[in-house]
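In what follows, a single structure is set out as structure tokens and then discussed.
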Amino acid sequence: MTVIATNKPVLVTGASGYVAGWLIRALLEKGLTVHATVRDPARASSVRHLEALANSLPGELKLFKADLLQPGSFDIPMEGCELVFHTASPFVMTGFKDANEALLRPALEGTRNVLDAVNRCDTVKRVVLTSSVAATYGDAIDSRDVPRGTFNESHWNTSSSEHHQPYLYSKTIAEQEAWKMQRAQNRWELVCINPALVIGPSLTPASQSASITTLQQFGDGTLRFGAPEMWNGLVDVRDVADAHVRAGFTPEAHGRYIICAESLSLLDMGKALRQHFGSRYPFPRRSLPKLMFWLVAPVVGFTRDFVARNIGYPLAFDNQRSRRELGMSYRDVRKGLQEHFQQLIDDGLVKKR
Ligand code: NAP
């Protein structure tokens with residue numbers, strides 16, 4: 001039972017991000033003082049939307065510069081905080097050469113640096129870590145090994161590595177390190193939020209989140225010849241922000257919470273978009289046969305191993321714990337997808353047709 005004071009500041013790392021934007025908005029709405037870290041507070045595109053929120057909401061925003069790879073850089077932003085939300089971590093699936101530099105080092109060393117700062121900061125009582133369902137499973141085929149093919153909070157990703165599904169691996173080793181550091185002391189608690197693929201409108205057009213690039217492929221023709229038979233757990237970004245706030249301020253919150261509304265195939269996602277936008281965009285109409293995807297995989301940036309282990313296996317996640325203990329209820333992800341796609345059009349990230 002930990003009560004977090006609402007008159008003390010709370011820290012949010014990675015404040016410029018897609019998820020963090022909605023989290024900061026929810027915290028400012030509650031009238032809290034938010035210490036928000038970004039790598040470059042002078043970069044207007046990272047902070048403009050946050051400053052606009054702070055101007056119109058009751059809470060107060062204080063921006064700080066901090067880098068995951070710079071030991072000690074979270075000490076000053078954390079001063080006086082009882083609650084730390086650690087959201088910062090690169091979320092990229094493609095476009096990098098060295099997975100260790102692009103993903104693993106910032107995720108793992110970053111978590112260590114933030115938690116080292118927590119260990120030095122006597123006021124902190126609770127850390128809410130933004131993990132992912134990626135820390136509960138590695139490939140869709142792993143669902144054959146769990147009851148009813150459904151992953152829950154007792155499951156861990158055991159099949160990812162630096163060379164296979166490195167983003168999923170980065171989230172797994174970062175969360176494991178966080179639990180290890182939490183168990184080594186008894187002042188602060190750890191609550192992990194494990195969201196599925198986050199969708200829904202972004203407060204910033206500047207995020208590089210793979211949530212945005214995933215949705216862009218529905219508009220750019222990538223899936224026009226068919227969608228690989230792949231499922232994603234999905235959740236609206238506003239529900240993810242709400243889950244963080246509940247995890248922070250619910251005295252009994254503990255352990256891990258899967259945050260997922262439902263699972264849809266890529267074809268289902270395309271169908272939901274077509275229902276709203278009609279046929280103006282090249283949304284997929286059929287499944288791409290696994291063999292065809294397997295043949296072209298290396299050309300379109302996937303390994304054949306990935307195809308073998310992820311295509312044709314439905315994915316499901318159990319959200320009961322979040323409903324029961326955090327009081328979560330979930331928005332309609334089809335509507336969230338439609339709103340998000342419309343926003344990508346409005347922001348020029350998907351070509352207007
Ligand atoms: P995002 O918009 O790309 O945000 C990631 C944030 O991490 C950025 O604000 C970035 O800050 C920060 N960051 C990256 N490298 C950094 C470094 N070296 N030092 C300091 N900050 C660094 O992605 P997002 O989707 O909001 O993801 C936020 C969190 O949610 C991540 O932990 C991600 O793994 C997790 N998550 C996301 C999803 C999803 O579907 N989106 C699902 C499950 C979990 P700068 O702007 O300063 O570079």
Side-chain angles (χ1 to χ4, degrees), residues 11-25 36-50 63-74 77 85-93 95-96 101-114 117 128-137 157 165-175 178 192-215 232-241 243-244 256-261 317 333 336-337 340 349:
L11 176 71
V12 179
T13 70
S16 55
Y18 168 51
V19 167
W22 281 100
L23 170 59
I24 290 171
R25 178 180 160 140
T37 71
V38 287
R39 267 186 285 190
D40 183 3
R43 195 168 63 195
S45 62
S46 293
V47 297
R48 193 185 297 121
H49 62 293
L50 301 175
L63 289 169
F64 295 84
K65 181 180 170 69
D67 192 310
L68 289 172
L69 295 174
Q70 210 178 314
S73 68
F74 292 91
F85 293 99
H86 177 34
T87 83
S89 203
F91 181 25
V92 287
M93 302 295 276
F96 51 83
E101 283 306 308
L103 288 164
L104 308 188
R105 211 157 79 78
L108 184 60
E109 276 181 35
T111 298
R112 267 189 209 132
N113 283 332
V114 170
V128 176
L129 173 74
T130 314
S131 184
S132 168
V133 291
T136 69
Y137 84 104
N157 176 347
Q165 302 272 52
Y167 167 71
L168 289 81
Y169 188 55
S170 76
K171 297 305 287 180
T172 308
I173 56 176
E175 190 189 330
C192 289
I193 290 295
N194 298 69
L197 180 65
V198 185
I199 52 90
S202 174
L203 294 172
T204 166
S207 161
Q208 301 297 310
S209 171
S211 281
I212 286 130
T213 47
T214 301
L215 213 54
N232 283 301
L234 294 172
V235 61
D236 192 289
V237 65
R238 293 158 287 196
D239 289 341
V240 177
H244 279 76
R256 316 170 84 193
Y257 292 97
I258 284 180
I259 304 297
C260 176
F317 299 95
V333 288
L337 275 171
H340 196 173
L349 297 173

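Numbers here are sequence positions counted from 1. Atoms within each ligand, like the ligands themselves, are counted from 1 in listed order.
Interface atoms of ligand 1 facing Gly14, defined by a heavy-atom separation under 4.0 Å, are 9 (O). Interface of Leu197 with ligand 1, defined as ligand atoms under 4.0 Å from a residue heavy atom, comprises 40 (O). Residue Ser207 approaches ligand 1 through these ligand atoms, each under 4.0 Å from one of its heavy atoms: 1 (P), 2 (O), 3 (O). Within ligand 1, counting atoms from 1 as listed, the ones closer than 4.0 Å to a heavy atom of Ser211 are 39 (C), 40 (O), 41 (N). Residue-ligand proximity, Ala88 to ligand 1, at heavy-atom distances under 4.0 Å covers atoms 7 (O), 12 (C), 21 (N). Listed by number with element, the atoms of ligand 1 under 4.0 angstrom from any heavy atom of Ser132 are 43 (C), 44 (C).
In this structure, Tyr137 has its ring center under 6.0 Å from that of Phe317.
Side-chain contact between Leu68 and Val114 is present, with heavy atoms from C-beta onward closer than 4.5 Å. Counting only heavy atoms from C-beta outward, the side chains of Ser89 and Lys171 approach each other to under 4.5 Å. A 4.5 Å side-chain heavy-atom check between Leu23 and Thr87 finds at least one atom pair inside the cut-off. Between Trp22 and Leu203 the shortest side-chain heavy-atom distance falls below 4.5 Å.
For Arg39, there are no salt bridge (Lys or Arg N to Asp or Glu O under 4.0 Å) partners at least two apart in sequence or on another chain.
Scanning the protein heavy atoms around atom 34 (O) of ligand 1, the nearest turns out to be Tyr167 OH, 2.6 Å. With hydrogens left out, the protein atom closest to atom 26 (O) of ligand 1 is Val19 N, 2.8 Å, a heavy atom. Distance from atom 44 (C) of ligand 1 to its nearest protein heavy atom, with residue and atom name: Ser131 O, 3.1 Å. Looking from atom 15 (N) of ligand 1 to the surrounding protein, the closest heavy atom is Arg39 NH2, 3.2 Å. Among all protein heavy atoms, the one lying closest to atom 25 (O) of ligand 1 is Ser209 OG, 2.7 Å. Protein heavy atom in closest approach to atom 31 (C) of ligand 1: Thr87 O, 3.2 Å. For atom 35 (C) of ligand 1, the closest heavy atom belonging to the protein is Thr130 CG2, 3.7 Å. From the protein, the heavy atom lying nearest to atom 38 (C) of ligand 1 is Val198 CG2, 3.5 Å.
Taking any N or O of Gln208, backbone or side chain, none lies under 3.5 Å from an N or O belonging to ligand 1. At under 3.5 Å, not a single nitrogen or oxygen of Leu69, backbone or side chain, sits near a nitrogen or oxygen of ligand 1. Here's the thing with Ser16: one of its N/O atoms is less than 3.5 angstrom from an N/O atom of ligand 1.
The part of Ala196 lying near ligand 1 is the backbone, judged by heavy-atom distances below 4.0 Å. The side chain of Phe91, and not its backbone, has at least one atom closer than 4.0 Å to an atom of ligand 1 (non-hydrogen atoms only; side chain from C-beta on).
Ring-plane geometry between His244 and Phe85 is classed as tilted, the angle between the planes lying from 30 to 60 degrees on a 0 to 90 degree scale.
Ranked by closest heavy atom to atom 6 (C) of ligand 1, the top entry among Ala134, Ser89, Ala66 is Ser89.
Across Thr172 and Ala135, no two heavy atoms sit closer than the pair OG1-CA, 3.5 Å. Nearest approach of Pro166 to Phe96, heavy atoms of both residues: CG-CZ, 4.1 Å. For the residue pair Arg238 and Pro201, the shortest heavy atom distance occurs at NH2-CD, 3.5 Å.
Not a single heavy atom of Ser202 lies less than 4.0 angstrom from ligand 1. Under a 4.0 Å heavy-atom criterion, Arg43 is in contact with ligand 1.
Of the N and O atoms on the side chains of Glu175 and Asn194, at least one donor lies less than 3.5 Å from an acceptor on the other residue. Side-chain contact of His340 with Ser202: a donor-acceptor pair under 3.5 Å is absent, judged by distance alone.
Within the structure, every pair that satisfies the side-chain hydrogen bond (donor to acceptor under 3.5 Å, both in side chains) test and touches residues 101-113, not counting sequence neighbours, is listed here: Glu101-Arg105, Arg105-Glu109, Arg112-Glu177.
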